Amino acid sequence: MSKEKKLSYIITTLLVLALFIILEVLMNSGLISRYWESILILICINIIMATSLNLTVGVLGQVNLGHAGFMAIGAYTAGIFLKTGLASGPLGFVISLVLAALVSGFFGILIGLPILRLRGDYLAIVTLAFGEIIRVIIENMNITGGAQGMAGIPTIKSFAIFFFVAVLIIALIFTYADSRHGRAVLSIRDNELAAEACGINITKYKTFAFTLSAVFAGIAGALYAQSFGVIAANIFNYNKSFDYLVMVVLGGIGSITGAIISSVGLTILPEILRPLAEWRMVIYAVILILVMIFRPQGLLGRKEFSIRKFLKMDKYKKGDVEDDK
């Protein structure tokens with residue numbers, strides 16, 4: 001590992017810790033109200049959803065319009081488990097996340113194996129149908145509370161838990177995208193025939209990326225259920241999937257940091273515009289249209305905001321052009 005890479009990891013870790021400490025101080029001092037604390041928790045959940053969707057849309061290059069379906073599976077899996085009372089507290093929280101990840105991952109494999117043979121509009125239509133099928137099934141099951149939804153789910157209001165779960169998942173996504181497996185998936189996105197000719201198992205890597213995306217969406221769903229304590233199937237409809245797709249496209253398809261930035265912006269913006277009542281969504285839509293007109297590739301395109309790049313720029317400015325060892 002190069003010296004710049006080690007230093008970039010240290011600086012990134014320190015910046016994340018500094019951000020957390022600043023937010024905690026502001027919340028404890030009352031400068032950030034309980035309402036805005038709940039918005040910060042929602043931002044963490046949206047970041048997980050947008051970055052996980054970016055694995056499929058950006059890294060793999062396949063359109064997924066049913067991502068909210070995996071979120072619903074994770075939310076109801078965690079909700080059903082927690083309401084059984086088999087485990088509570090920190091242990092119950094961890095087990096609920098694991099179960100949500102496993103069940104969502106199972107459905108990711110189950111759905112991914114047949115549908116990833118499709119491409120483009122056909123894949124988009126099938127994933128959209130999957131999301132709606134999941135919603136309808138949930139609405140017609142007694143164990144999920146049917147159309148009335150599920151209430152009484154034990155809640156967690158600790159911002160620290162949501163923050164560090166989001167940080168951990170983002171780190172895992174970055175690690176995967178930067179690994180040889182991630183590069184294999186990127187090669188499939190760029191040229192599937194060439195990747196297959198080089199010996200890359202197309203089905204294996206496509207299914208794994210799709211499943212990993214579903215796993216993280218399931219975890220986000222479990223966090224959502226334990227944040228609000230009440231869930232209903234209509235929350236996870238196709239509009240929810242489109243919201244996360246907008247975050248990915250606005251941030252830049254393939255850019256993980258872009259998805260993070262757009263998730264923060266698109267979660268906060270409607271809240272800031274709330275005093276404008278009925279004009280709120282009109283202004284929100286106009287802003288999105290203007291961004292896509294003047295920045296069609298998204299805020300960051302396919303680029304990533306990286307501390308390492310700044311360190312390398314500084315090295316070149318000083319005239320140190322030795323190769324990284």
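No experiment lies behind these values; they were computed from the predicted model shown. These values consider heavy atoms only, across backbone and side chains, with no hydrogens, waters or symmetry-generated copies.
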Q: Kindly indicate, with the supporting measurements, whether the criterion side-chain contact (heavy atoms from CB on, under 4.5 Å) is fulfilled by M150 and I80.
A: CA-CA 9 Å; M150 181 182 292; I80 292 169; 3.5 Å; yes

(Q) Evaluate V185 against Y176 for side-chain contact (heavy atoms from CB on, under 4.5 Å), listing each step before the verdict. (A) CA-CA 10 Å; V185 174; Y176 172 74; 3.2 Å; yes

**Q.** Residue pair H67, L245: steps toward the side-chain contact (heavy atoms from CB on, under 4.5 Å) verdict
**A.** CA-CA 9 Å; H67 203 52; L245 184 61; over 6 Å; no

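Two rings, from F164 and F20, have their centers less than 6.0 Å apart.
Linking ILVMFWY residues whenever their side-chain heavy atoms come closer than 4.5 Å, directly or via other members, places L269 and F242 in the same cluster. Under the 4.5 Å side-chain heavy-atom criterion for Ile, Leu, Val, Met, Phe, Trp and Tyr, V167 and L14 are members of distinct hydrophobic clusters. When hydrophobic clusters are built by joining Ile, Leu, Val, Met, Phe, Trp and Tyr residues whose side-chain heavy atoms come closer than 4.5 Å, directly or via intermediates, L31 is grouped together with I22. Hydrophobic clustering (side-chain heavy atoms under 4.5 Å, transitive across Ile, Leu, Val, Met, Phe, Trp, Tyr) keeps V136 apart from I231.
Of the inter-residue distances, the one linking L290 atom CG with R295 atom CZ reads 15.0 Å to the nearest 0.5 angstrom. Taken to the nearest 0.5 Å, the OG atom of S104 stands 11.5 Å off from the CD1 atom of I109. Note: L42 CG to F162 CZ = 10.0 Å, rounded to the nearest 0.5 Å. Atom CZ of residue R135 and atom CG of residue N140 lie 9.5 Å apart, to the nearest 0.5 angstrom. Remark: T211 OG1 to I111 CD1 distance equals 10.5 Å, nearest 0.5 Å.
Using modelled atom types, no side-chain atom of T207 and backbone atom of G112 make a donor-acceptor pair closer than 3.5 Å. Not one N or O on the side chain of D178 forms a donor-acceptor pair closer than 3.5 Å with the backbone of F174. Using modelled atom types, no side-chain atom of Y224 and backbone atom of G74 make a donor-acceptor pair closer than 3.5 Å. For the pair S213 (side chain) and A209 (backbone), a donor-acceptor distance under 3.5 Å is absent. E37 contributes no side-chain N or O that, together with a main-chain N or O of I32, makes up a donor-acceptor pair within less than 3.5 Å.
Take F210 and apply the ring pair (Phe, Tyr, Trp, His ring centres under 6.0 Å) test, not counting sequence neighbours, and it matches F70. With sequence neighbours excluded, no residue satisfies salt bridge (charged side-chain N to carboxylate O under 4.0 Å, His left out) with R180.
Between L86 and F81 there is a side-chain heavy-atom pair separated by less than 4.5 Å. Within the 4.5 Å cutoff, side-chain heavy atoms of Y244 are placed close to those of M71.
Heavy atoms only, all atoms of each residue included: K83 and G152 are closest at CG-O, 4.2 Å.
Residues T267 and N46 bring a donor and an acceptor atom of their side chains to less than 3.5 Å of each other.
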Report, one line per pair, each donor and acceptor closer than 3.5 Å where one atom sits in a side chain of residues 94-103; sequence neighbours left out.
{"unit_1": "S96", "atom_1": "OG", "unit_2": "G92", "atom_2": "O", "d": "3.3"}
{"unit_1": "S96", "atom_1": "OG", "unit_2": "F93", "atom_2": "O", "d": "2.6"}
{"unit_1": "S96", "atom_1": "OG", "unit_2": "Q226", "atom_2": "NE2", "d": "2.9"}

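Residue F106 places its CZ atom among 12 or fewer non-hydrogen atoms of other residues, nucleotides or ligands, all under 6.0 Å distant.
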